[in-house]
There are 2 protein chains.
Amino acid sequence: MARKRTIGDIALLAGVSKATVSRVLNQKPDVDPSTRERILRIVEEEGFVPSLTAAGLARRHSHLIGVLVPSFTWPMVPDIVCGVAEAIGLTPYELVLYSINDKTRADGKGDVIDHILASDLVAGLLSILPGLPAKHVIRLHQYGFPVVMIDDRELPSDVPWISADNQQGAYEAVYHLLKLGHRRIAHIQGPVDLYCSRQRYQGYCRALEDYGIPVDPTLVVEGLFRRKSGMEAAQKLFSLPQGQRPTAIFAASDDMAYGVIAYAEEHGIRIPDDLALVGFDGISSSAHVRPPLTTVKQPFQEMGRQGAKLLISMIEHAHRQRAYIPPGAGKHATLLQPEDEQVQQIHLATSLLVRASCGARQSQAVSSIEQVT
Amino acid sequence: MARKRTIGDIALLAGVSKATVSRVLNQKPDVDPSTRERILRIVEEEGFVPSLTAAGLARRHSHLIGVLVPSFTWPMVPDIVCGVAEAIGLTPYELVLYSINDKTRADGKGDVIDHILASDLVAGLLSILPGLPAKHVIRLHQYGFPVVMIDDRELPSDVPWISADNQQGAYEAVYHLLKLGHRRIAHIQGPVDLYCSRQRYQGYCRALEDYGIPVDPTLVVEGLFRRKSGMEAAQKLFSLPQGQRPTAIFAASDDMAYGVIAYAEEHGIRIPDDLALVGFDGISSSAHVRPPLTTVKQPFQEMGRQGAKLLISMIEHAHRQRAYIPPGAGKHATLLQPEDEQVQQIHLATSLLVRASCGARQSQAVSSIEQVT
DNA sequence: CTGTTAGCGCTTTCAC
DNA sequence: GTGAAAGCGCTAACAG
């Protein structure tokens, strides 16, 4: 195969300067249409692809976006990444994966993140399920580095952020159980230091309140999102005196719901006959457990997609901004709209997937709230 | 936060040339220990991290490695990527994810791959589960671009390649069933155009032969690795006349085994009482299905790790090579060992996880064959 | 052992 | 509209 072409080769072949080729490649407006076309034809013929590395250096910001993922053992991570990849595939950007593995990469905290910033390989960072690293991500944001968080955040802050509408999703799940006649509905929470856990809990409370049912603290137990903690929670709930036990459980994650199923199986509790069960997440395996799990589906792929889009728009916006900073009399300086720097926080609607585990017979109810703050 | 430092800043602070700083950063041997230490101290203090982009450009090969993944819907992909990320985390390399989504990126074929090569962002490519793209990956390899394939290949070729020992794994699974007394053991194959499927089939045959049992073609049906095709295969097998039905099934993937379980449940076939079942892959959910699935576990993370290591060593080796190509009288030219260019094909051992679905009562038998060709 | 000198391939002023 | 020139931040080749 022929030697890799450079922009210089193309310029030569087209009989123009490198600058012009560059202009065409970057879709600048000021190029003679016929010249543009000729250059594009040659680029096509030669299969020329400009060097991302060199372009990044010269442009002073790369077309790479970093994606920070926690352990891949969370089942939604692949889905989200998939959405991210899909959105990025539509752009000239590429995706650099930074995974916070337990061992490698220091203590999975600031080090990695500082390194990401410092090596300035990527032009922005998408942080998926930031648990502890959240605070570091927030710091980056405060330094003005483009950052978007997906699906969680520890602390309230003004970091751009995508998530499902956890509260509404939970509300609908519990409301569904209430409609089915349940009155003693327990909730297995996620870790309460996570914002999403608190939101789901809020939704749970709100639904009960709407039915005029007071929240019974003995029916609310904290879990860790994992199956095991779901089992333990079930254990706790079923140690309650006879009449105080729940007739339904709303678990804040599907995995914890699986734990409940396992516990129920061991103890001869029939689902849904003796206990109705609803999970949260809508991971694919929930359709295949016995009994199939009713659950609140989060639009993970869509969250990934939206996150990527938002980040890229931030990156490009940041660049426009920067371009105008020099005080010299830019000709079109007035073109710069103040471009509201407002907080971007996007909530995506969840949908309730009704399956056998809650004892209802409907097929699928879909909510449709979608709000952008 | 202070402006990002450049290598020039460090050189200035240390009172040496940029070249010297560069030498220290790149661990070249020829630097005065005290100078080295001083530079390192300053680098540390200033939190200096060199620009990967600039370094890549100057060095003419980046420290990025591309990872080509198929749909994330294959459950092992995250595991493999996780291993890859872990291994890469130990090196100065970073991981660029190229995902062949169904929609984006053209037809998921040559285009992406050519683009990867042309944009020369990455120094090498790790291709995970190459299905159709395999031939393109092979092409890259023929052009001399460093490439490693993980866990499959369509055509025999000399592309460096990591996989589980599919044949041996299958052998052990079937042997286990034979030991349990089964004589009519069916096999649900993966797509036969995949090498791994053929290997698993080979293992199946070999085990039967070792027991003096002829392979009965009516007991071998081809599936597509997915649950649904497992169900269909079960359907086919149970449509056989009474006496010809299998008493055990060895499915070439866990997902297909799940399909068998679903079919069995629907048709009142008890597992393991009426039918023993063994899967292949050892994905984590197999421990939690009912009944828990006996399966051949592939060391996915390890495969990812080994693949990354192999690729990086190839990249660095290629560079040493290239450095010697210029015919000018390199002083140490004799240092270049011919460095056997031999085919690198690594098989990793699988392990048989014995659970309830096969009707045995052992806990776990582990095989230990590991060969490097 | 260390400094100097050229670039890597592209983008970006700034003239024309 | 287009070209020439000057780098981006780093590494590599060659002297010393």
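Letters go in sequence order (proteins before strands), and every chain restarts at 1. Since this is a predicted model, take the numbers as computed values, not measurements.
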K.L.:
Could you go through the side-chain contact (heavy atoms from CB on, under 4.5 Å) check for A:I39 and A:R36 one step at a time?
P.N.:
CA-CA 5 Å; A:I39 293 176; A:R36 173 188 299 277; 6.0 Å; no
K.L.:
Do side-chain atoms of A:S62 reach the backbone of A:L121 as a donor and acceptor pair under 3.5 angstrom?
P.N.:
yes
K.L.:
Taking any heavy-atom pair under 4.0 Å as a contact, classify B:D32: base, sugar-phosphate, or nothing.
P.N.:
sugar-phosphate
K.L.:
Could B:E45 and B:R41 be called an ion pair, given the rule that one side-chain N must be under 4.0 Å from one carboxylate O?
P.N.:
yes
K.L.:
Has A:D32 got a side-chain atom pairing as donor or acceptor with A:S34's backbone, closer than 3.5 angstrom?
P.N.:
yes
K.L.:
In terms of the angle between their ring planes, are B:F72 and A:F72 parallel, tilted or perpendicular, with boundaries placed at 30° and 60°?
P.N.:
parallel
K.L.:
Surrounding CD of B:E46 (heavy atoms of other residues, nucleotides or ligands, distance under 6.0 Å), is the total greater than 12?
P.N.:
yes
K.L.:
Along nucleotides 8-16 of chain D, 5' to 3', which nucleotides get a B, which get an S, and which get a -, given that the test is a protein heavy-atom distance under 4.0 Å?
P.N.:
BBBSBB---
K.L.:
B:I162 and B:G307: which non-hydrogen atoms are nearest, and at how many Å?
P.N.:
CG1-CA, 3.7 Å
K.L.:
Can you list every stem that DNA chain D is part of, counting only runs of 3 or more consecutive Watson-Crick or G-U wobble pairs with both distances under 3.5 Å?
P.N.:
C:1-4 with D:13-16, C:6-16 with D:1-11
K.L.:
Where does the chain A footprint on DNA chain C start and end, counting 5' to 3' with a 4.0 Å heavy-atom cut-off?
P.N.:
C:dG9 to C:dT12
K.L.:
Please report the closest heavy-atom contact between A:I315 and A:P146, naming both atoms and the distance.
P.N.:
CG1-CB, 3.9 Å
K.L.:
Between A:Q306 and A:Q344, does a side-chain contact (heavy atoms from CB on, under 4.5 Å) hold up when you go through it step by step?
P.N.:
CA-CA 11 Å; A:Q306 299 264 1; A:Q344 299 275 345; over 6 Å; no
K.L.:
Nearest 0.5 Å, what's the CD-CG distance between A:E44 and A:L40?
P.N.:
8.5 Å
K.L.:
If you assign each of B:D30 and A:T20 to its closest nucleotide in DNA chain C, which residue comes earlier from the 5' end?
P.N.:
B:D30
